[in-house]
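Have a look at the structure below, then the notes.
Labels below follow one simple rule: chain letters A, B, ... track the order of the sequence lines, proteins then strands, and each chain is numbered from 1. These figures come from a predicted structure and were not determined experimentally.
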2 protein chains.
Amino acid sequence: MNAQQLTKNQGLVFDVLSRADQPMSAYTILDKLRDHGFRAPLQVYRALEKLLEFGMVHRLESLNAFVACAHPNDNCCRHGTVAFAICNSCGHVEEFHDHAVDDRLDAFVKSKRFKAEKTTIEIRGLCSACAA
Amino acid sequence: MNAQQLTKNQGLVFDVLSRADQPMSAYTILDKLRDHGFRAPLQVYRALEKLLEFGMVHRLESLNAFVACAHPNDNCCRHGTVAFAICNSCGHVEEFHDHAVDDRLDAFVKSKRFKAEKTTIEIRGLCSACAA
DNA sequence: CAATTGATGTAATAACATTACATTTGTTAT
DNA sequence: ATAACAAATGTAATGTTATTACATCAATTG
């Protein structure tokens, strides 16, 4: 159920993100793809839009940047909220899932009759290497 | 321990945010304050920076916008993570705190020896009124 | 093969945020 | 009071992120 068939631009953008060891902004991706014919931001944003839809890429709201999903083969990605620990120093991102957190937030929104569509959880700080 | 003494610009920005029934972008705030002599974005950003520091205002990362703290008199604001339920339709924001969620995220980052500095939790969706 | 749909290319512009530098105001020490 | 310092402000320019508008191209289908 994985291995989405990607178009040329989607494939290029996904490759760049997969190889990166840090989140990348749309414009950084654009620069990396100039050699492959990319000329305008929209080419990147359109590919990202689809990749986000496919669950292959995540957007980090606190960074205005994007990362390839760390668990692309894990269905969990699609059934729970994704949370991120983001190092402010080296940019390393740890992606995780916690159903207890999900349940707790769920309980809250249900109590408010709020209909959740998308949840963002991002922890900014220092990774073990950088904090040492 | 509340009632921070604000400067003129800080006070103006805080007033605008307090009266608003929705999050506001820095540029929207700027427009509201033209009559009071505001001319440049930096005047707003500088005031916001201090207000964020004082815990009187929150930044919504998924919206690039700002809201006055809903619980200014509650010390809880300063000792736990603030979470938001944001209506995509009417813009209403529900601010809440949940120590169980905090503890759970804490446990995760501790297990990774990650040193958390700031945590963002934002639930986008539809409020009870708009979902009906 | 016409019609539709999805993807792409390109330019322009909008929206959000920061850097740099000059000036003013407020506070503290003497 | 005033010198010295720190904090806040004013202004312009620029940098960064994201979208709108419009034209073209490619794949699919009736």
Side-chain angles (χ1 to χ4, degrees), chain A residues 4-17 20 22-54 56-67 84 86 88 91 93 118 120 122 124, chain B residues 3-17 20 22-67 84 86 88 91 93 118 120 122 124:
Chain A
Q4 179 74 35
Q5 188 52 34
L6 301 181
T7 66
K8 175 164 146 283
N9 286 2
Q10 290 160 17
L12 289 167
V13 168
F14 184 67
D15 273 5
V16 166
L17 274 181
Q22 287 188 19
M24 296 180 82
S25 77
Y27 279 76
T28 304
I29 296 170
L30 175 56
D31 286 339
K32 289 273 184 203
L33 289 174
R34 298 255 183 221
D35 295 344
H36 294 269
F38 273 49
R39 314 288 303 276
L42 197 48
Q43 296 176 288
V44 176
Y45 283 110
R46 285 202 277 229
L48 286 172
E49 183 179 25
K50 288 298 179 183
L51 293 169
L52 289 166
E53 201 177 305
F54 300 153
M56 300 173 69
V57 160
H58 302 294
R59 177 188 167 87
L60 301 178
E61 300 288 352
S62 67
L63 235 41
N64 293 333
F66 304 84
V67 284
F84 304 92
I86 303 166
N88 288 332
V93 175
K118 171 101 173 47
T120 297
E122 298 178 15
R124 303 284 299 269
Chain B
Q4 180 72 38
Q5 189 52 32
L6 301 180
T7 66
K8 176 165 146 284
N9 286 1
Q10 290 161 15
L12 288 166
V13 168
F14 184 67
D15 273 5
V16 167
L17 274 180
Q22 286 188 18
M24 296 180 83
S25 77
Y27 279 75
T28 306
I29 295 170
L30 174 57
D31 286 339
K32 290 273 184 204
L33 290 174
R34 298 255 182 220
D35 295 345
H36 294 268
F38 274 48
R39 314 286 304 278
L42 197 48
Q43 296 176 288
V44 177
Y45 283 111
R46 283 203 277 229
L48 286 172
E49 183 180 22
K50 288 298 179 186
L51 294 169
L52 288 166
E53 201 178 305
F54 300 154
M56 299 173 69
V57 160
H58 302 293
R59 176 186 169 88
L60 301 178
E61 300 288 353
S62 68
L63 236 40
N64 294 332
F66 304 84
V67 283
F84 304 92
I86 304 167
N88 287 332
V93 174
K118 171 103 173 46
T120 297
E122 298 178 15
R124 304 282 300 268

Handout entry: Base dG10(D) to side chain Arg46(B), donor-acceptor N/O within 3.5 Å cut-off
Key = yes

Practice task
Answer yes or no: side-chain N or O of Tyr27(A) and base N or O of dA18(D) forming a donor-acceptor pair under 3.5 Å.
Solution key: yes

Practice task
Hey, which sits more toward the 5' end of DNA chain D by its nearest nucleotide, Ala40(B) or Pro41(A)?
Solution key: Ala40(B)

Fill in the blank from the handout: Per-helix bend value, the helix from dC1(C)-dG30(D) to dT30(C)-dA1(D), C1' rotation axes over five pairs per end, 10° rounding, shows 30°

Practice task
Take atom CG of Leu30(B) and atom P of dT9(D), then tell me their distance rounded to the nearest Å.
Solution key: 15 Å

Problem - Length of the CZ-P vector between Phe38(B) and dA8(D), whole Å - result: 14 Å

Handout entry: Phosphate OP1/OP2 of dA8(D) contacted by Thr7(B) side-chain N/O (<4.0 Å)
Key = no

Handout entry: Residue closer to the 5' end of DNA chain D, Leu42(B) versus Ala26(A) (nearest nucleotide)
Key = Leu42(B)

Completion exercise
Arg39(B) and Gln43(B) have their tightest heavy-atom pair at N-OE1, 2.6 Å

Problem - Value rounded to 0.5 Å, distance of CG in Leu12(A) from CG in Leu17(A) - result: 11.5 Å

Practice task
Starting from P on dG9(C), measure out to CG on Leu33(A) and report it in whole angstrom.
Solution key: 11 Å

Exercise for the section: Identify the two heavy atoms, one from Leu60(A) and one from Pro23(A), that lie closest to each other, and give their separation to 0.1 Å. Expected result: CD1-CG, 3.6 Å

Problem - Interatomic spacing from CD in Gln10(B) to CZ in Phe54(B) - rounded to 0.5 Å - result: 5.0 Å

Problem - Ionic contact status for Glu53(B) with Lys50(B), cut-off 4.0 Å - result: yes

Exercise for the section: State the NZ-CE distance between Lys32(B) and Met24(B), to the nearest 0.5 angstrom. Expected result: 5.5 Å

Problem - Of the listed nucleotides dA17(C), dA12(D), dA8(D), the one nearest the side chain of Lys50(B) - result: dA8(D)

Handout entry: Atom pair distance, as rounded to whole Å: CD in Glu53(A) and P in dG6(C)
Key = 11 Å

Handout entry: Rounded distance (Å) that lies between atom C1' of dC16(C) and atom CE of Met24(B)
Key = 15 Å

Practice task
Look at the side-chain N and O atoms of Lys8(B) and state whether any lies under 4.0 Å from the OP1 or OP2 oxygen of dA8(D).
Solution key: no

Fill in the blank from the handout: Separation of dA8(D) atom P from Glu49(B) atom CD, nearest Å, is 9 Å

Exercise for the section: Examine dG10(D): is either OP1 or OP2 under 4.0 Å from a nitrogen or oxygen in the side chain of Asn9(B)? Give yes or no. Expected result: yes

Handout entry: Asn64(B) vs dA15(C): side-chain N/O to OP1/OP2 distance below 4.0 Å
Key = no

Handout entry: Distance-only polar pair, side chains of Ser62(B) and Glu122(B), donor-acceptor under 3.5 Å
Key = yes

Handout entry: Options dG10(D), dT11(D), dT17(D), nucleotide nearest the side-chain atoms of Gln43(B)
Key = dG10(D)

Completion exercise
Picking from dT10(C), dA18(D), dA17(C), the nucleotide nearest the side-chain atoms of Arg39(A) would be dT10(C)

Exercise for the section: For Leu48(B) and dA17(C), give me the distance from atom CG to atom C1', rounded to whole Å. Expected result: 11 Å

Completion exercise
When rounded to whole Å, the CG to C1' distance for the pair Leu6(A) and dG6(C) reads 15 Å

Handout entry: Least distance between heavy atoms, Val13(A) atom then Ala47(A) atom
Key = CG2-CB, 3.7 Å

Exercise for the section: Give the nucleotide from the list dC16(C), dA7(C), dT9(D) with an atom nearest to the side chain of Tyr45(B). Expected result: dC16(C)

